Amino acid sequence: MNKLLMGISCSGGKRVIRVRYAPSPTGTLHIGGARTALFNYLFARHHHGQFVLRVEDTDRARLVPGSEEGMVAGLRSLGINWDEGPDIGGEFGPYRVSERVLRHQQAVKRLLDQGLAYRCYCTPEELEQERKRLESQKLPPRYSGKCRLRPPNDPIFQSDEPFVVRMKVPSKGETVVNDLIRGRVVFENRILDDFVLQKSDGTPVYNFAVVLDDHDMAITHVIRGEEHLSNTPKQILIYEALNLPVPQFAHLPMILAPDHTKLSKRHGATSVEEYREQGILPEALVNYLLLLGWSASDDTEIMTLDQAIEWFDLNRVQHTAAIYDIKKLVWMNSQYMRTIPIGTLIDYVLPFIKSRQLDVSRGPDLARAIELGRERSHTLLELREALTFFYERPRSFDEQGVKKHFADEKTPERLRALAQSLKKLRVWDHDHLVAVYDEEAKQLGIKRAALIHPTRLAVTGKTVGPGLFELLEVLGQEETVARLLDAATAITEQHVKPTP
RNA sequence: GGCCCCAUAGUCUAGAGGCCUAGGACGCCGGACCCUCAUUCCGGAAACAGCGGUUCGAAUCCGCUUGGGGCUACCA
């Protein structure tokens with residue numbers, strides 16, 4: 001057991017573990033965010049604790065309408081559920097930070113009264129100038145502390161001028177982050193400047209709000225991305241100034257794009273929504289995300305969410321940033337494509353079928369068609385493609401296929417002959433179909449394959465696909481015969497339109 | 001620039017001093033199977049960033065260098 005965890009999960013008092021995922025509603029649910037949410041969720045469930053969803057909407061200017069709803073939907077689609085949140089409430093609400101500003105303002109006042117923070121009247125322009133000056137001298141851009149030095153009777157304190165509230169950061173000593181993943185990380189206080197706690201519009205800055213909200217929501221473990229590690233000492237300083245207990249921290253490695261830079265739109269699909277649209281199953285995405293930064297102790301890679309809950313352990317979280325690899329995601333998806341229950345797969349593929357306006361109400365049984373298609377599809381998009389010929393007659397024939405399999409001048413008559421034999425078949429199943437082809441090939445003195453390939457091309461328009469006899473069995477007798485005759489006619493009348 | 005984190009194959013990772021002539025997975029290459037494709041099954045190439053220590057012994061510990069990432073906002 002992890003030393004750092006002892007004392008909170010053991011013995012009499014038994015404090016319940018509470019974690020949270022606190023996204024900012026400024027866009028879509030990112031795979032990085034989804035991974036953070038997932039790890040929080042797994043940690044909570046593993047320890048029989050609670051998982052809270054909190055919306056970090058302090059910055060009104062950056063708020064994107066619909067973003068929160070999208071994130072909630074995205075998380076739910078992945079099977080990540082929370083015990084408390086803006087959509088379901090809970091005893092520690094409200095769960096939108098914007099609804100908690102009064103609470104934040106009270107705390108700011110407390111710090112002000114205690115002389116642990118101060119009002120700063122420097123204008124953004126002044127600060128900008130100062131920053132530029134420092135940078136040009138290759139000095140770290142920090143706030144000078146000008147307003148901290150103002151005498152208490154400075155008339156500006158009585159004025160109506162807008163101000164921000166800044167933290168009085170101690171110039172000496174060090175602040176230590178005991179990170180559950182990285183261990184002891186030491187920051188010297190003198191590196192920090194007097195950072196802003198409250199903006200001039202009266203709303204709190206993230207670093208301040210997060211401290212109060214985590215405390216108010218009784219969060220015991222703050223599990224978040226590594227980009228927050230450097231800000232943690234500021235937050236610890238706030239906890240101390242407010243005399244609040246400091247939670248445990250765990251900073252997850254980041255997920256980077258293939259070019260080793262931070263994930264962004266230009267890297268293609270980066271949101272959960274986009275992966276859904278591309279036909280990635282939620283189960284596969286979750287499983288893939290799970291492997292980005294965490295591994296089971298026994299090399300197991302494909303696992304259920306329940307297994308992940310059982311095995312999850314922060315001690316096994318990687319320290320190094322991970323680069324996401326679409327190829328492995330797609331492979332993972334193909335694994336789920338062929339193993340999830342057929343009913344589930346039907347539910348997933350139906351929207352794709354609908355969006356292409358493929359009418360599956362007539363024709364072969366969808367489940368049987370899917371069984372043949374899932375084996376050779378990596379995504380739902382591919383599956384839908386593999387399904388189309390069952391419900392739509394080929395409008396054209398693969399060009400290469402025509403050259404190869406329709407070249408023989410006897411092709412039309414052979415297809416017709418096959419149609420005749422097939423029409424008379426009493427039992428339409430795999431074995432009987434094989435028998436027909438064997439017999440036909442024998443009579444013609446050719447190989448069975450010489451009949452199989454033209455048939456597939458004639459019936460599906462393609463050269464690739466399921467085994468012919470499985471395919472015909474599902475397609476049905478009437479339809480098969482009709483398509484063979486159609487193809488024969490098309491060839492004879494030179495109507496063969498090659499697929500470009 | 002300053003501070004912080006990180007460093008095993010192209011990628012995800014196992015590895016917590018001898019079990020490592022470094023294991024698994026994706027991808028890649030070759031082969032087998034087969035009516036095509038996809039599977040599946042065999043086989044193969046491919047890594048401990050570099051340099052110094054510590055130690056009988058280092059991928060594992062320490063230092064430096066290099067490289068990558070993060071933070072440094074009245075963003076989160």
Side-chain angles (χ1 to χ4, degrees), chain A residues 22-26 56-59 61-62 97 120 122-124 127-128 131 134-135 137-143 162-166 177 179 181-182 185-188 190-193 195-201 203-207 209-210 224-234 251 253-254 256 258 260-262 288 291-302 315-316 318-332 334 338 373-378 382 386 401 404-405 437 447-453 455-457 462-469:
Chain A
S24 169
T26 52
E56 209 73 42
D57 60 347
T58 41
D59 189 358
R62 298 209 315 158
V97 178
C120 169
C122 297
T123 65
L127 296 173
E128 181 60 28
R131 190 177 307 124
L134 290 167
E135 274 173 4
Q137 293 175 48
K138 301 228 175 202
L139 289 168
R142 344 173 41 240
Y143 175 61
F163 62 86
V164 298
V165 176
R166 287 183 185 272
V177 179
D179 192 273
I181 293 170
R182 283 152 218 282
V185 184
V186 182
F187 295 85
E188 289 193 61
R190 63 181 174 82
I191 301 303
L192 270 30
D193 65 355
F195 54 90
V196 173
L197 299 174
Q198 190 179 79
K199 307 176 201 175
S200 55
D201 66 358
T203 61
V205 139
Y206 166 78
N207 277 320
V210 73
R224 69 214 325 185
E226 194 194 323
E227 67 270 25
H228 291 285
L229 180 57
S230 296
N231 280 323
T232 307
K234 294 181 188 173
H251 289 94
M254 304 202 36
L256 266 24
H260 289 77
T261 63
K262 212 170 176 177
Y288 176 69
L291 263 26
L292 243 36
W294 180 84
S295 61
S297 56
D298 64 350
D299 280 341
T300 301
E301 294 204 324
I302 294 184
N315 285 320
R316 296 196 60 81
Q318 182 81 7
H319 296 187
T320 321
I323 293 162
Y324 81 95
D325 179 13
I326 303 267
K327 290 213 176 114
K328 185 150 182 178
L329 205 212
V330 170
W331 168 80
M332 182 71 78
S334 72
R338 39 182 72 90
R374 78 198 305 197
E375 289 290 326
R376 57 212 92 222
S377 304
H378 294 89
E382 283 184 24
K404 215 169 170 183
H405 307 303
Y437 274 74
K447 288 201 291 185
R448 199 172 70 182
L451 251 26
I452 287 174
H453 294 297
T455 301
R456 177 181 289 106
L457 185 60
K462 299 177 196 173
T463 57
V464 301
L468 186 72
F469 305 114

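To find a chain, count down the sequence lines: A is the first, B the second, and so on, and within it residues start at 1. Treat the numbers as computed from the prediction; the structure is a model and nothing was measured.
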### Query
Can Lys262(A) and Glu227(A) be said to form a salt bridge (Lys or Arg N to Asp or Glu O under 4.0 Å), step by step?
CA-CA 11 Å; Lys262(A) 212 170 176 177; Glu227(A) 67 270 25; 5.6 Å; no
Could you check Arg456(A) against Thr463(A) for side-chain contact (heavy atoms from CB on, under 4.5 Å), going step by step and ending with a plain yes or no?
CA-CA 7 Å; Arg456(A) 177 181 289 106; Thr463(A) 57; 5.7 Å; no
Criterion salt bridge (Lys or Arg N to Asp or Glu O under 4.0 Å) on Glu301(A) and Lys328(A), from CA distance to verdict: CA-CA 11 Å; Glu301(A) 294 204 324; Lys328(A) 185 150 182 178; 3.2 Å; yes
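Pairing of rA25(B), defined by two Watson-Crick or G-U wobble distances under 3.5 Å, is identified with rU11(B). Remark: rC71(B) base-pairs with rG2(B). Criterion, Watson-Crick or G-U wobble with two distances under 3.5 Å. Under the Watson-Crick and G-U wobble criteria, each requiring two contacts below 3.5 Å, nucleotide rC41(B) is paired to rG31(B).
For the P atoms, the distance linking rA45(B) with rU60(B) amounts to 25 Å, nearest Å. Going from the P atom of rG27(B) to that of rC33(B) covers 22 Å, rounded to whole Å. Distance noted for atom P between rC74(B) and rU65(B): 32 Å (whole Å). To the nearest whole angstrom, the two P atoms, one in rG43(B) and one in rU54(B), are 43 Å apart. The C1' atoms of rC61(B) and rG15(B) are separated by 15 Å, rounded to the nearest whole Å. Taking the P atom of each, rU8(B) and rC48(B) are spaced 11 Å apart, rounded to whole Å. Taking the C1' atom of each, rA7(B) and rG50(B) are spaced 12 Å apart, rounded to whole Å. Nucleotides rG69(B) and rC37(B) place their C1' atoms 42 Å apart, quoted to the nearest Å.
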With B for base contact, S for sugar-phosphate-only contact and - for none (protein heavy atoms under 4.0 Å), nucleotides 29-43 of chain B reads ------BBBBS----
Nucleotide by nucleotide, nucleotides 70-76 of chain B touches protein heavy atoms under 4.0 Å in the pattern (B base, S sugar-phosphate only, - none) BSSSBBB
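Here Val186(A) lies in heavy-atom contact (under 4.0 Å) with sugar-phosphate atoms only. Within 4.0 Å (heavy atoms only), Lys328(A) reaches at least one base atom of the nucleic acid.
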Expected rows: protein N/O vs nucleotides 14-17 of chain B N/O, under 3.5 Å:
| unit_1 | atom_1 | unit_2 | atom_2 | d |
| --- | --- | --- | --- | --- |
| rA14(B) | OP1 | Ser295(A) | OG | 3.2 |
| rA14(B) | OP2 | Gln318(A) | OE1 | 2.7 |
| rG15(B) | OP1 | Arg316(A) | NH1 | 3.1 |

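In this structure, the side chain to side chain donor-acceptor pair (under 3.5 Å) partners of Thr203(A), at least two apart in sequence or on a different chain, are Asp201(A). Listed by chain and residue number, Arg190(A) satisfy the side chain to side chain donor-acceptor pair (under 3.5 Å) test with Glu188(A) (two or more places apart in sequence, or in another chain).
One side chain, His251(A) or Thr232(A), offers a donor N or O that lies under 3.5 Å from an acceptor on the other.
Comparing rC26(B), rG1(B), rC4(B) by their nearest atom to the side chain of Phe187(A) picks out rC4(B).
For the atom pair Arg224(A) CZ and Leu229(A) CG, the distance stands at 8.5 Å (nearest 0.5 Å).
Between Tyr206(A) and His228(A), the ring-plane angle classifies as tilted under the 30° and 60° cut-offs.
You'll find a donor-acceptor pair under 3.5 Å spanning the side chain of Glu301(A) and the base of rG24(B), going by distance alone.
Judged by closest nucleotide on RNA chain B, Glu188(A) is the one of Glu188(A) and Ala322(A) placed further toward the 5' end.
Using a 4.0 Å cut-off between charged nitrogen and carboxylate oxygen, Glu382(A) and Arg376(A) do not count as a salt-bridge pair.
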Please report, to 0.1 Å, the donor-acceptor pairs under 3.5 Å made by any side chain of residues 320-327 of chain A, with sequence neighbours excluded.
| unit_1 | atom_1 | unit_2 | atom_2 | d |
| --- | --- | --- | --- | --- |
| Thr320(A) | OG1 | Gln318(A) | NE2 | 3.3 |
| Tyr324(A) | OH | His267(A) | O | 3.1 |
| Asp325(A) | OD1 | Lys327(A) | N | 3.2 |

